[in-house]
There are 2 protein chains.
Amino acid sequence: MPNATIRDVAREASVSVASVSRALNGATNIRPELRDHIRDVANRLGYVPHAGARNLSLARSSTIGVVVPDLHGEFFSELLRGMDRQASELGLHLLLMVMHGEADRGVTALHAMRGRVDGLVVMAPQITSDELFAHLPRSMPSILVNCAPHAVVRPELRVDNVAGAVAIVEHLAAGGCRRIVHIAGPEANIDAQERLRGTQEACARLGLALRVLQGDFNEDSGTTAVATLQTEGAAYDAIFAANDNMAVGALMALKRAGIAVPEQVAVAGFDNIPLTRLISPALTTASIDIAEFGARAVVRLAGLIDGAADDHLEWRAPIVIARESTRQPSNNTTENPIRRGDRE
Amino acid sequence: MPNATIRDVAREASVSVASVSRALNGATNIRPELRDHIRDVANRLGYVPHAGARNLSLARSSTIGVVVPDLHGEFFSELLRGMDRQASELGLHLLLMVMHGEADRGVTALHAMRGRVDGLVVMAPQITSDELFAHLPRSMPSILVNCAPHAVVRPELRVDNVAGAVAIVEHLAAGGCRRIVHIAGPEANIDAQERLRGTQEACARLGLALRVLQGDFNEDSGTTAVATLQTEGAAYDAIFAANDNMAVGALMALKRAGIAVPEQVAVAGFDNIPLTRLISPALTTASIDIAEFGARAVVRLAGLIDGAADDHLEWRAPIVIARESTRQPSNNTTENPIRRGDRE
DNA sequence: GCTCTTGATGTAACCGGTTACATGAAGCAA
DNA sequence: TTGCTTCATGTAACCGGTTACATCAAGAGC
């Protein structure tokens, strides 16, 4: 037996569909006793409105699409968590869409969102903005999160990786480090590029020696980097890995090599994955509040859907989360997050 | 300017809406040149079909709802990852819904899924099955994942904690352990109860001495348990904690007490949290393939949606992931996952 | 030439809601 | 009583697709 429709309820209650709709949606222009009667009938029939039909006639789905490149790891679960919390507060649902590498298939999949969601949070660092814009329906409100850089001004949210890297280097320098090794992330990755750039800028400005080793964001490349340094007999007093995974790999390798952290070599990562708190020594890292970041994206998107004028690029600067793996400076730098304003 | 509709395309191409629909959906009963012409016009107008309208007339949304109690931690991101992979393979979208503690609000939120999704994967260990069934529309295909136990037979998927605990105990026994200490999880927790039961069964069957200490799934309770054993001067050669957190606590406490792991005492946990690989000695643990678990739920749900008869409870038995914290038996038990058939 | 079949195309109903507008009854003033 | 307003309720159009069925032209068979 299929689900009851509004017409079934109307017939059963001997009223029109309009009255049923009014009764169930709390309209005021209906006689209270009729309203109650209709509600009783609806309950008795186990009537549950068909959201799809409702969305069609209201031209509003109360759903927002979340486009992410991946779901691996805690970053995305935190991001989703923040988005979900905010969305449910605003009465919105979340339609999840993972856009894997293949740009063509993924980009056309954006089309499938039309008529399914009211707007999109798009996190697509792996495709060029041209491809992205070409396939984002212009009438679809959307906010870009950590996407590839582009010329057009659009509603956008971005982690300020440069500022984060600068903050980490400053923290290392404040702890007395002078010869920094940076384990970079994949060359094609925007985040990795920006973190490298921030490191370079800060080292240059502070007069620190900098050595860059190539990594790939995986734990192994941190281990490999330390092995390289060991065989070379290189002199350094700090390792700043472009993400926590690599930092953990480096940390483990240093431990095995009998090098004291942070006494001989300080280690810092980036992202603040939960693991960083648990290992010993606990890892110093930099991070934004990921859940808040996600929530913010949802808030701005909700504004866009409601027609708000919002066309600006907003940066979130990470703060340094100082832990055991680095020497603490006398003045604690963790307290005042550096917030950059909009750049340009 | 709003998006073009199928009627706009029809007018512009001087054909009927039926022809447009046929052209764009690859029907065969249309003249190829007309089909191409319509496609050209559609492209020129930037026509993207309205999925909501399509769903309404097809009575099918190609979307499945995923109900989870939380999004914290790696378990859920892995689960989602597996579901997403499978769903996108089957051409399905994922609508995410987090059902927080408050049963009433969450349970009625299930109603909002009607007409929005074709079926549900429900993971709701925190609410009783009565509440759950009362609010699951009967016509809504759904598969329960690790839900509270209940009498009715339903499509269901469950981690076989009993089998996992048995496997761990067998692994410990194979490594020569004879006096097992089990640190149990919270008494009210289903998983904890089942793991305890498996431990008891296996120890009885294998003739091993078993001592059970109460824990609470937190790291501290592992530490406390070891402290208790120390002050008692108890004799034991293995600790099996009902989850990894407690195992890690126990491991650290043993280390501090100067007890060699695994030589004097073997340690095993449950869940395979990422940390277990990274600590030293790496922790032996038991776990299912979470992503595969999620994917399986989606496959079965897709079957249900297509009308397949599927009313059975399926168990996934964890496999032992043998690492440094236990003595390895001569024949490796990690290779053959023990798969239990349906119980009862 | 006429009928029958075949296949492309158009018309309009339908999916299940919402809501502008029509209707009609009740209340009130003159 | 008549006319006007107010307000609850009903009717039917609409959202944007799909598709059963009607229609019609072309080709086949006689």
Side-chain angles (χ1 to χ4, degrees), chain A residues 2-39 41-42 45-63 111-118 137 139-140, chain B residues 2-39 41-42 45-63 111-118 137 139-140:
Chain A
N3 259 316
T5 74
I6 196 172
R7 279 168 240 270
D8 296 331
V9 177
R11 191 178 333 107
E12 188 74 11
S14 311
V15 295
S16 71
V17 291
S19 293
V20 177
S21 180
R22 285 191 271 258
L24 299 181
N25 292 316
T28 54
N29 52 347
I30 185 167
R31 204 159 28 99
E33 60 250 56
L34 183 60
R35 171 166 49 71
D36 295 342
H37 171 231
I38 292 173
R39 289 192 175 166
V41 173
L45 295 184
Y47 170 69
V48 182
H50 188 286
R54 190 155 205 273
N55 297 342
L56 182 58
S57 66
L58 289 178
R60 178 177 242 278
S61 63
S62 298
T63 302
H111 284 184
M113 295 295 105
R114 141 110 164 122
R116 226 184 269 275
V117 302
D118 295 334
S139 63
M140 171 86 78
Chain B
N3 260 316
T5 73
I6 196 172
R7 281 168 237 269
D8 296 330
V9 178
R11 192 179 331 110
E12 189 73 11
S14 311
V15 296
S16 70
V17 291
S19 293
V20 177
S21 179
R22 286 191 271 257
L24 299 180
N25 292 317
T28 54
N29 53 345
I30 184 168
R31 208 161 25 101
E33 59 249 59
L34 183 61
R35 171 167 46 74
D36 295 343
H37 170 231
I38 292 173
R39 290 190 176 169
V41 172
L45 294 183
Y47 171 68
V48 182
H50 189 286
R54 191 157 205 272
N55 297 342
L56 181 58
S57 66
L58 290 178
R60 177 178 246 277
S61 63
S62 298
T63 301
H111 284 185
M113 295 295 105
R114 140 111 164 123
R116 227 185 270 275
V117 302
D118 295 335
S139 64
M140 171 85 79

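Because the structure is a prediction, the values reported are computed rather than measured. Numbered from 1 within each chain, the chains take letters A, B, ... in sequence-line order.
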Reckon [X] has a side-chain N or O less than 4.0 Å from the OP1 or OP2 of [N]?
| X | N | value |
| --- | --- | --- |
| A:Arg114 | D:dG17 | yes |
| B:Arg54 | D:dT19 | no |
| A:Thr5 | C:dC15 | no |
| A:Ser21 | C:dT18 | yes |
| A:Ser16 | D:dG10 | yes |

Between A:Ser19 and B:Ser14, just flag the one whose closest nucleotide in DNA chain C comes earlier from the 5' side. B:Ser14
Can B:Arg22 and B:Val15 be said to form a side chain to side chain contact (heavy atoms under 4.5 Å, CB included), step by step? CA-CA 11 Å; B:Arg22 286 191 271 257; B:Val15 296; over 6 Å; no
Check: [X] side chain, [Y] main-chain N or O, donor-acceptor pair, under 3.5 Å:
| X | Y | result |
| --- | --- | --- |
| B:Ser61 | B:Arg116 | yes |
| A:Asp8 | A:Thr5 | yes |
| A:Arg39 | A:Ala23 | yes |

Nearest whole angstrom, please: distance from the [atom2] of [N] to the [atom1] of [X].
| X | N | atom1 | atom2 | answer |
| --- | --- | --- | --- | --- |
| B:Leu58 | D:dG16 | CG | P | 16 Å |
| B:Ile6 | C:dT9 | CD1 | C1' | 14 Å |
| A:Arg22 | C:dT18 | CZ | C1' | 10 Å |
| A:Arg11 | D:dT9 | CZ | P | 20 Å |
| B:Leu56 | C:dC15 | CG | C1' | 4 Å |
| A:Asn55 | C:dT19 | CG | P | 12 Å |
| B:Arg116 | C:dG16 | CZ | P | 16 Å |
| A:Asn29 | D:dT5 | CG | C1' | 17 Å |

Among [options], which is the nearest nucleotide to the side chain of [X]?
| X | options | answer |
| --- | --- | --- |
| A:Ala53 | C:dG16, C:dT18, D:dG16 | C:dG16 |
| B:Ser57 | D:dG17, C:dT18, C:dG17 | D:dG17 |
| B:Pro49 | D:dG17, D:dT9, C:dT11 | D:dG17 |
| A:Val17 | C:dT11, C:dG17, C:dT18 | C:dT18 |

Within the structure provided, determine whether A:Val48 and B:Met140 are in side-chain contact (heavy-atom separation under 4.5 Å).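 Sidechains of B:Met140 and A:Val48: no contact.
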Enter the distance from B:Ser21:OG to B:Ile30:CD1 here, rounded to the nearest 0.5 Å.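 These two atoms lie 9.5 Å from each other.
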Would you kindly check whether a donor in the side chain of B:Arg31 faces an acceptor in the base of C:dG7, or vice versa, at under 3.5 angstrom?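 Answer is no: no donor-acceptor pair is held.
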Applying a 4.0 Å non-hydrogen cut-off, can you work out what B:Arg60 is touching in the nucleic acid: base, sugar-phosphate, or nothing?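 Nothing: the residue B:Arg60, judged by heavy atoms under 4.0 Å, touches no strand.
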For A:Ala18, which contact category applies under a 4.0 Å heavy-atom criterion: base, sugar-phosphate, or nothing? base
